[in-house]
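Every value quoted in this text rests on a predicted model; they were computed, and no experiment measured them.
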Amino acid sequence: RTCATRRAVLHAGAAWDARTSWDAGPDGVQAAYAAGALLAGRTGGAEWIEHADVALVCASSDRGASADRVARRRRLAACFAPPRPPPRKRPRRGDEVARVRRAVAAARAARRPARIAGAADGSPARYAWASPRALAGLGVAARRVPAEVGRVDASGDGRRTRVVPFGAVADAAERGGGDAPYLAQHRLLVQIPELRAYVADVLDLAPRRRVASVWVGPAGTVSGAHHDPADNLFVQFAGAKKWDLWAPSDDAPARPADESVALEPGSALFVPRGWWHEVTALGPAVSLSLWFDDDLPDGAELARFTADRSR
């Protein structure tokens, strides 16, 4: 019972930290937990791998990059076998990369949403992340991630954050159902840094200061109408998503969308900060959002921005 209670407390702490995001847990508490997980591994603790991954979930929510925190993440990440690397391939043609970068720059200057076809077509993730199960099959199925679980009630609430194996998220995404776990805006590339190799060229489409989050979920998942205080380049790798967008305003829109975009695999959508948007997954989906970090605020506004909006 003590072991089960301890595990429940640790998972709840990681889930809360991932939900509020950006290192909401006190740094000293996270450091102590990480040290305990590593010590358990060295002494053969029965659940040390699980504890190390939960500690890494907490560490992955940190937007800071102090030497101590980076070193902590590296020590925890070293506990796990790395995922399968992407195959060697010819680099994308320079003119194609330049085309996508020009499109992003033009959309950002115009302050309007813009769909960019083929933005990820040359990326290894375009094929290796072609479905939730394909991503899990790279060797990350057993890794723990914070996912929204539970059925939505009449008010749009009812889902809670739990730490679950990534394979469970992938399987449920492809089976579907209203209670399927949903990985929402998690910094998976920080938790499992080897996955960055699959999207390195896509990451380069955003400014050097950026916040990259991965989304994996079933058909029918909806992020209700909201707006963000940062420019966002949203890249679709698997499945399709329907975006309804409204021009900036003080209040939530109560009219038909100003623009609607169906985002297919390989395409990206630039969404300027302040534009209201509602997003609906049309099938099992894997996506990557790149928030431009030079736009992001600090303090309470950032906490509100990172609060979960999935319904």
Report the residues that fulfil ring-ring contact (aromatic ring centres under 6.0 Å, His included) with Trp243, sequence neighbours left out, ordered by chain and then residue number.
Phe234, His277

Is the Trp215 ring parallel, tilted or perpendicular to the Tyr182 ring (thresholds 30°, 60°)?
tilted

Applying side-chain hydrogen bond (donor to acceptor under 3.5 Å, both in side chains), name anything that partners [X], two or more places apart in sequence or on another chain.
X      : value
Glu194 : none
Asp171 : Arg133
Gln236 : Ser287

Between [X] and [Y], is any pair of side-chain heavy atoms under 4.5 Å apart?
X      : Y      : value
Asp231 : Val271 : no
Arg196 : Leu203 : yes
Val199 : Leu189 : yes
Leu138 : Trp129 : yes
Arg101 : Asp204 : yes
Pro284 : Pro132 : yes
Lys242 : Glu278 : no
Val202 : Leu288 : yes

Polar side chain donor-acceptor pair, Trp291 to Ser213, under 3.5 angstrom:
no

Identify, with sequence neighbours excluded, every residue that meets side chain to side chain contact (heavy atoms under 4.5 Å, CB included) alongside [X].
X      : answer
Ala107 : Ala114, Phe270
Ala136 : Ala141, Phe166, Ala170
Ala172 : Arg175, Ala180, Pro181
Arg126 : Asp121, Pro265

Please report the closest heavy-atom contact between [X] and [Y], naming both atoms and the distance.
X      : Y      : result
Glu264 : Ala240 : OE1-CB, 3.7 Å
Val145 : Leu188 : CG1-CD1, 3.9 Å
Pro113 : Pro272 : N-CD, 3.6 Å
His226 : Gly224 : ND1-O, 2.6 Å
Leu183 : Pro146 : CD1-O, 3.2 Å
Arg111 : Arg273 : NH2-NH1, 3.5 Å

Assess the residue pair Trp246 and His227 against the criterion (side-chain contact (heavy atoms from CB on, under 4.5 Å)); give the C-alpha distance rounded to whole Å, side-chain angles, the decisive distance to 0.1 Å, and a yes or no.
CA-CA 9 Å; Trp246 295 264; His227 63 85; over 6 Å; no

Is the backbone of [Y] close enough, under 3.5 Å, to the side chain of [X] for a donor and an acceptor to pair up by distance?
X      : Y      : value
Arg84  : Gly137 : yes
Arg210 : Pro207 : yes
Trp276 : Ser249 : yes
Ser289 : Gln185 : no

Once you round to the nearest 0.5 Å, how far does NE2 of His186 lie from CD1 of Ile192?
7.0 Å

Please determine whether side-chain contact (heavy atoms from CB on, under 4.5 Å) holds for the pair Ile116 and Leu233, giving the CA-CA distance in whole Å, both sets of side-chain angles, and the decisive distance to 0.1 Å.
CA-CA 10 Å; Ile116 304 170; Leu233 183 66; 4.3 Å; yes

May I ask you to list the residues sharing a hydrophobic cluster with Leu282, side-chain cutoff 4.5 Å, ordered by chain and number?
none

Kindly state each residue pair satisfying ring pair (Phe, Tyr, Trp, His ring centres under 6.0 Å) with at least one member in residues 105-127, sequence neighbours excluded.
none

Partner set under salt bridge (charged side-chain N to carboxylate O under 4.0 Å, His left out) for Arg115, not counting sequence neighbours:
none

Given side-chain contact (heavy atoms from CB on, under 4.5 Å), test Val169 with Val164 step by step and report yes or no.
CA-CA 8 Å; Val169 174; Val164 300; 3.7 Å; yes

Table please: side-chain donor-acceptor pairs of residues 255-263 below 3.5 Å, with sequence neighbours left out.
residue : atom : partner : partner atom : Å
Arg255  : NE   : Asp258  : OD1          : 3.3
Arg255  : NH2  : Asp258  : OD2          : 2.9
Asp258  : OD2  : Ala247  : N            : 2.8
Glu259  : OE2  : Arg112  : NH2          : 2.5
Ser260  : OG   : Asp244  : OD1          : 2.6

